[in-house]
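Just follow the structure's listing: the first ligand is 1, and inside any ligand the first atom is 1.
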Amino acid sequence: MTDNLTVSVLGTGIMGAAMARNLARAGHTVHAWNRSRDKAEPLAAEGVHIAGTPADAVRDADVVLTMLYDGAAVLEVMRQAAPALRPGTAWVQSTTAGLDAIAELAAFAREHGLAFYDAPVLGTRQPAEAGQLLVLAAGPGESRQAVTPVFDAVGARTVWTGEDGADAGATRLKLVANSWVLAATNAAGEVLALAKALGVDPQSFFDAIDGGPLDMGYLRVKTGLVLEGRLTPPSFAVTTAAKDAHLIVEAGEQHGVRLDVAAAGAARFDRAAAQGHGDEDMAAAYYASFDDDPAGA
Ligand code: NAP
């Protein structure tokens, strides 16, 4: 197999569109499909072939890359692609899915003779656009030469966690990492809410921690989005964060640990979504601190 591959990207949302673009820029032949075709169309200008159905997208694929909302969406779309999937094709599954979903997807891969790579990514819109994601990957050694150029095109680095995608080692690491990301996002929102309630200028808090061990780039980024009203377009939407927060809580429950902060965080994302902030950046969980008048917060 050469380094120039035919790669099918199923799902061209925030992350999938950026990944498809970088695959095309790296010289691969890219076929992309998205449920709402209008989100895939702009990729045609980059030489990406836009497919009308998942089956059309995967027909000649060396590698299929899924980057959809959750595990259920991946299974649904891969079932639609199934008639055109060739045994031996490598499947890079980058959607953040739960542990049970990874087991189901790995079983689907076995049934269809696909080489399954559990390959979630760390990094958001900007690193995705820059091809600088951190890829967490587990999958069989034999097909690594097919998937390595794909990981190289979308990421700055790949961390291999094992040779069996079905054991979800990469997804387990991803959930651990996201528990930190989501907790930090919610803590940043509550800092702003409490400061507002107590009449404290947030800038005086930033000045107090400036350059010390409590300071953190991520705090500055997420509070900046709220303070400057830059919650759209999102890097990581509230609804997607809610989905991940529930996956983390579930994983904790399944493995016998209490994750009180994650559970409270999930409730905050759900509440912000119910208030109408679902499509905004997850920093909008800030609004969950205000019961009655989110618009006035
Ligand atoms: P997004 O922009 O909302 O994209 C979600 C994609 O899933 C869209 O293409 C959407 O299609 C599709 N989809 C949803 N339900 C579907 C269904 N039932 N059938 C077919 N397609 C369906 O989200 P994203 O931020 O790119 O995230 C994609 C995945 O990457 C998620 O699992 C997320 O947790 C993970 N992730 C995100 C980030 C981030 O910072 N954004 C970082 C790392 C990992 P439509 O366009 O038709 O709605």
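- At the top of the distance list for atom 4 (O) of ligand 1, counting protein heavy atoms only, stands Gly13 CA, 3.5 Å.
- Scanning all protein heavy atoms for the shortest distance to atom 45 (P) of ligand 1 gives Ser36 OG, 3.4 Å.
- Of the N and O atoms on the side chains of Asp270 and His246, at least one donor lies less than 3.5 Å from an acceptor on the other residue.
- When non-hydrogen atoms are compared, ligand 1 lies under 4.0 Å from the side chain of Lys39 (C-beta onward) but not from its backbone.
- Residue-level proximity to ligand 1 for Thr239 is absent, since no heavy atom of it falls below 4.0 angstrom.
- For the ligand labelled ligand 1, residue Thr240 lies inside the 4.0 Å heavy-atom shell.
- The part of Lys174 lying near ligand 1 is the side chain, judged by heavy-atom distances below 4.0 Å.
- Of all the heavy atoms of Val77, the ones lying under 4.0 Å from any atom of ligand 1 belong exclusively to the side chain.
- Donor-acceptor pairing under 3.5 Å is lacking for the side chains of Arg59 and Ser8.
- Within ligand 1, the atoms closer than 4.0 Å to a non-hydrogen atom of Asp244 are 34 (O), numbered from 1 in the order shown.
- Among protein heavy atoms, atom 8 (C) of ligand 1 sits closest to Asn34 OD1, 3.8 Å.
- Under the 30°/60° scheme for interplanar angles, the aromatic rings of Phe116 and Trp91 are found to stand perpendicular.
- Counting non-hydrogen atoms of other residues, nucleotides and ligands closer than 6.0 Å to CZ of Arg157 gives a total of 12 or fewer.
- Under 4.0 Å from ligand 1, the heavy atoms of Ser235 that appear belong solely to its backbone.
- At the top of the distance list for atom 21 (N) of ligand 1, counting protein heavy atoms only, stands Leu68 CD2, 3.6 Å.
- Although no hydrogens or angles enter the test, the distance criterion places a donor-acceptor pair under 3.5 Å between the side chain of Asp281 and the main chain of Phe236.
- Between the side chains of Thr95 and Gln93, a donor-acceptor pair is found at a separation under 3.5 Å.
- Between the side chains of Asp207 and Gln203, at least one donor N or O lies within less than 3.5 Å of an accepting N or O.
- Using a distance-only test at 3.5 Å, with no hydrogens or angles considered, no donor-acceptor pair links the side chain of Tyr286 to the main chain of Lys222.
- Among protein heavy atoms, the minimum distance from atom 37 (C) of ligand 1 is reached at Met15 CG, 3.6 Å.
- Heavy atoms of Gly123 come nearer than 4.0 angstrom to ligand 1 in at least one pair.
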